[in-house]
Amino acid sequence: MVAVVLLVTSSGGSGTLAGVLGACITAPHLLGPFVARSLDLAQDGRKVIAAACLLYATALTAGVVTYGHASVVLTALLLATAGACGPLLTGGISSRLPAIVGPRLRTQRRAQGWDVATYGIGGTVGPSLVAALSGWISPTAAALALAAGAATAAGGVLLLPFSAPTHGGDRSAILKPAATLALIARTGRLRRTVYLTMVVALSVAALPITAVHLTKILGTEPATAALLTAAYGLGNLTGSIAVMVRPLTGDPDRLMRRLALCVVAGLLAVTASPAFGVSVAAYALTGILNTFFFASTLAARTECAPSGARGQVFIWVAALKITSGSAGTALAGSLTGVSVRLPLAVGLLAVSAAVAAATVETRFARAAAKHP
């Protein structure tokens, strides 16, 4: 998305057009659940993901090359095609973890730490690479480099261990997207995974937006906002390493609630920071805690989803998380006009309310199980 926005703005396009074409990359993630069924239906899920990598690379390349030389509508459609492949390149690959590391719970938890790290590294290195190549060569070259990376990833995916399809030859046993969503809604653990993931994603999405405005009230240069976001990214990587070295233990349902409250503590530290140095530390702490929470949600998806719908569950949660994060960014942008710290306060209250709801729900479920 950064590459697309730079491509448009550097060629004299309006900010509105840049936003629309950037949204063409992210908005189609909502289609992820409908794309995901192909992963559960496939005889070899690796080939589905590899094909998605190649289609992503091709569509992104075509979208970038046609910009300025063909109709904007064509460019938007090509970028949207690439965006629709995105869920298979994120949640789809994450759903392969059990096939890679085997059934041992501790090994899976450690692998989830590695998986969280890939998101953190990608989210840090990707925009940095785009910024560097855009400055040295052009935004077009930066976007084409990303497309080449996706094409290369197709070969890497095919090197993953083969996992026999869970449908055992009965493709009718694979749930359709609406049925999968209904399964998530009526399964307490999965339902809590979804709404806790969404609310935390919405809340932490305010951090980059807030960073820019915090520099003003903390008396530092606006450019130092990059230090705050970098501290958050470094916290993500640090938390990932910690989960790799010492995997999370315990029931993922309980872990999610506790770690979501830890994220609340991190947001509260950012909100109450009286000085820039304290804010840097608070951003790093929040990055660490959010990584722990993310790892717990991966554990919940793996251990609570039925094997025949695991791919779809992973991608449903990933799609809703990305959508919620986008909404959080938009909300933060509007609320900072009222008060710089208001988006953070809204976020920590929202997460607290979600944890309270999950706790009450869990207790009612336990009471019902004891007295059917």
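Throughout, residue positions are numbered sequentially from 1 according to the sequence presented.
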Do [X] and [Y] come within less than 4.5 Å of each other through their side chains, counting heavy atoms only?
X	Y	value
Thr197	Leu320	no
Glu361	Arg192	yes
Leu289	Val264	no
Tyr67	Leu21	yes
Phe276	Leu228	yes
Leu267	Ser203	yes

Walk me through whether Asp115 and Arg110 qualify under salt bridge (Lys or Arg N to Asp or Glu O under 4.0 Å). CA-CA 9 Å; Asp115 194 27; Arg110 178 171 281 117; over 6 Å; no

Taking Arg46 for its side chain and Val157 for its backbone only, find out whether a donor-acceptor pair lies under 3.5 Å.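 Not confirmed, Arg46 side chain does not pair with Val157 backbone.
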
Applying salt bridge (Lys or Arg N to Asp or Glu O under 4.0 Å) as the test, list every pair that has at least one member in residues 256-270; sequence neighbours left out.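 Every pair satisfying salt bridge (Lys or Arg N to Asp or Glu O under 4.0 Å) with a residue in residues 256-270: Asp253-Arg257.
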
Can you list everything that forms a salt bridge (charged side-chain N to carboxylate O under 4.0 Å, His left out) with Arg96? Sequence neighbours excluded, please.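 Partners of Arg96 under the salt bridge (charged side-chain N to carboxylate O under 4.0 Å, His left out) test: none.
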
Is a side-chain donor-acceptor pair under 3.5 Å present for Thr66 with Thr75?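 The criterion, which ignores hydrogens and geometry beyond distance, is satisfied for Thr66 and Thr75.
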
Report yes or no: do Val4 and Ile322 belong to one cluster of Ile/Leu/Val/Met/Phe/Trp/Tyr joined by side chain heavy-atom distances under 4.5 Å?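 In one cluster with Val4: Ile322, no.
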
In Å, rounded to the nearest 0.5 Å, how long is the span from [atom1] of [X] to [atom2] of [Y]?
X	Y	atom1	atom2	value
Ile315	Leu31	CD1	CG	12.0 Å
Leu97	Leu298	CG	CG	7.5 Å
Arg191	Leu181	CZ	CG	12.0 Å
Arg189	Arg254	CZ	CZ	8.5 Å

Sort out for me which residue in Leu158, Ile93, Leu160 forms a side-chain contact (heavy atoms from CB on, under 4.5 Å) with Ile49.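 Testing Ile49 for a side-chain contact (heavy atoms from CB on, under 4.5 Å) against Leu158, Ile93, Leu160 leaves exactly one candidate, Ile93.
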
Using side-chain contact (heavy atoms from CB on, under 4.5 Å) as the criterion, point out the one residue from Val243, Thr107, Thr302 that pairs with Gln112.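 Between Gln112 and the candidates, side-chain contact (heavy atoms from CB on, under 4.5 Å) is satisfied uniquely by Thr302.
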
How does the hydrophobic cluster around Leu342 look, that is, which other residues are in it when side-chain heavy atoms under 4.5 Å mark a link?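 Besides Leu342, the hydrophobic cluster comprises Leu202, Leu331, Leu335, Val338, Val346, listed by chain and residue number.
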
